[in-house]
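Structure first, commentary second.
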Amino acid sequence: MTPPDDATLQAILDRIALEAREDPDKGRVADYIPELAAIDPDQFAIAVARPGHPTLIAGDAATPFSIQSVSKVFTLAIALGLRGDRLWERVGREPSGQAFDSVILLELERGRPRNPFINAGAIVTTDAVLSGTHEPRGALAAILSFVRDAAGDEKIHINDSVAASEIATGHRNFALAHYLLSHGNLENPPHETLGTYFHQCAIEMTCRQLANAGLFLTGCDDAPGLVSPGRIRRINALMMTCGHYDGSGDYAYRVGLPGKSGVGGGILTIVPDKASVAVWAPGLNRYGNSKLGTEAMQRLSDLTGWSVFGTAPD
Ligand code: DON
């Protein structure tokens with residue numbers, strides 16, 4: 001399939017946004033974080049960033065949303081920069097086949113989380129960043145600065161009400177952090193690591209900003225060089241195998257690209273050597289990943305031939 005030119009790609013995005021608007025089944029908005037329960041499910045946005053091209057958008061691409069677990073990609077990149085491969089002594093690289101907030105494997109596997117994208121694993125990577133910067137304020141500044149550099153946008157900020165809402169209700173994450181501590185796999189006090197983690201999840205971005213922020217993972221020559229090419233490969237591999245939790249196989253089957261979802265309804269997807277795509281629709285599917293976002297990415301993959309497994313549609 002020949003790569004789509006800007007006009008063709010814009011027409012594809014407009015079509016996908018229209019189909020999403022017309023779909024009566026929007027999924028269910030996450031309600032375990034009270035601030036997110038109030039989000040209007042009737043919103044949809046998609047943005048495609050490619051070096052040397054204008055970032056193309058459709059739908060509500062200028063509306064900020066809570067990136068939640070998409071932030072785990074940025075924290076992993078920073079933690080790998082700080083710790084290198086020693087990070088893997090503390091966290092694994094296998095899909096968990098369990099929900100993002102599952103506790104069961106952590107007990108069976110003695111406090112070493114399966115991968116850096118389930119909550120337990122992300123708490124470990126955030127803990128590593130916190131140890132490298134000594135206090136939550138410094139860790140958050142490092143994470144925010146990385147995200148702003150990646151997106152080329154200094155306006156990106158943290159929504160403190162969303163963070164406070166999760167601090168007040170995040171009992172499972174506190175349980176995970178204490179469990180990690182009991183196995184000697186947490187270097188900082190749980191409330192400090194989790195305070196940092198909840199604030200990092202509460203970063204708000206528009207789809208346009210998120211697509212731009214993912215460019216460093218495309219490996220394109222003129223994308224921001226925030227991590228080494230070898231590390232880009234590894235982060236993409238983890239996004240493909242673990243980025244959608246127990247829905248990772250389904251996302252690989254439908255879309256065939258590395259992606260990371262968040263319960264705010266955002267998904268960041270990387271088309272290696274080509275593009276970074278952000279999609280946002282707040283209603284979730286049964287895995288806790290954006291329902292319409294996943295379907296939109298399947299359409300985009302089919303219509304553009306963007307997939308690491310080949311270009312043919314069904
Ligand atoms: O830890 C939590 O529960 C949230 N801050 C993030 C979870 C999340 O986004 C899962 N992704 N689909």
Side-chain angles (χ1 to χ4, degrees), residues 27-37 39 41 65-76 91 95-103 106 113-127 129 136 140 143 147 158-180 186 190-191 193-205 210 238-239 241-251 255 258-269 278-294 297:
R28 285 198 50 188
V29 171
D31 55 9
Y32 75 98
I33 303 173
E35 281 283 314
L36 296 184
I39 304 288
F65 62 90
S66 194
I67 68 166
Q68 291 297 317
S69 288
V70 181
S71 66
K72 295 169 180 173
V73 175
F74 303 110
T75 321
L76 173 63
V91 59
S96 70
Q98 302 287 335
F100 63 89
D101 57 354
S102 172
V103 182
L106 201 56
R114 270 282 171 100
N115 68 64
F117 293 146
I118 52 172
N119 284 7
I123 292 168
V124 167
T125 60
T126 301
D127 189 60
V129 175
L140 281 170
I143 296 167
V147 172
I158 293 171
N159 183 325
D160 289 321
S161 311
V162 172
S165 178
E166 201 175 355
I167 288 170
T169 56
H171 311 300
R172 246 171 197 269
N173 283 323
F174 276 99
L176 290 169
H178 282 277
Y179 208 87
L180 290 164
L186 204 73
H191 71 277
T193 300
L194 286 179
T196 309
Y197 170 77
F198 291 140
H199 280 84
Q200 136 207 330
C201 288
I203 292 174
E204 284 192 340
M205 293 169 89
L210 184 58
L238 289 161
M239 289 171 75
T241 51
C242 311
H244 281 71
Y245 316 109
D246 45 339
S248 298
D250 189 56
Y251 197 77
V255 181
K260 182 73 211 81
S261 67
V263 288
I267 303 175
L268 174 65
T269 302
V279 65
W280 171 56
L284 307 179
N285 61 22
R286 68 192 169 97
Y287 304 113
N289 304 316
S290 175
K291 179 196 174 273
L292 291 182
T294 302
M297 285 309 304

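Remember, it's a predicted structure, so these values are computed and weren't measured experimentally. Both counts, for ligands and for their atoms, begin at 1 and track the order of listing.
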When you look for heavy atoms under 4.0 Å from ligand 1, do you find them on the side chain of [X], its backbone, both, or neither?
| X | result |
| --- | --- |
| R172 | neither |
| N119 | side chain |
| D101 | neither |

[X]-ligand 1 polar pair, N/O distance under 3.5 Å:
| X | answer |
| --- | --- |
| Y245 | yes |
| F198 | no |
| F100 | no |

If you count the atoms of ligand 1 from 1 in the order shown, which ones are under 4.0 Å from a heavy atom of [X]?
| X | answer |
| --- | --- |
| Q68 | 4 (C), 5 (N), 6 (C), 9 (O) |
| S69 | 6 (C), 7 (C), 8 (C), 9 (O), 10 (C), 11 (N) |
| C201 | 5 (N) |
| G288 | 12 (N) |
| N173 | 1 (O), 2 (C), 3 (O) |

Which protein heavy atom lies closest to [atom], and at what distance to 0.1 Å?
| atom | result |
| --- | --- |
| atom 2 (C) of ligand 1 | E166 OE2, 3.0 Å |
| atom 3 (O) of ligand 1 | Y32 OH, 2.5 Å |
| atom 1 (O) of ligand 1 | Y197 OH, 2.6 Å |

Specify whether F65 and W280 have parallel, tilted or perpendicular ring planes, treating 30° as the upper limit for parallel and 60° as the lower limit for perpendicular.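 It falls in the parallel class, under 30°.
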Quick one: CG on L140 to NE2 on H199, what's the gap to the nearest 0.5 Å?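 Output value for this atom pair is 6.5 Å.
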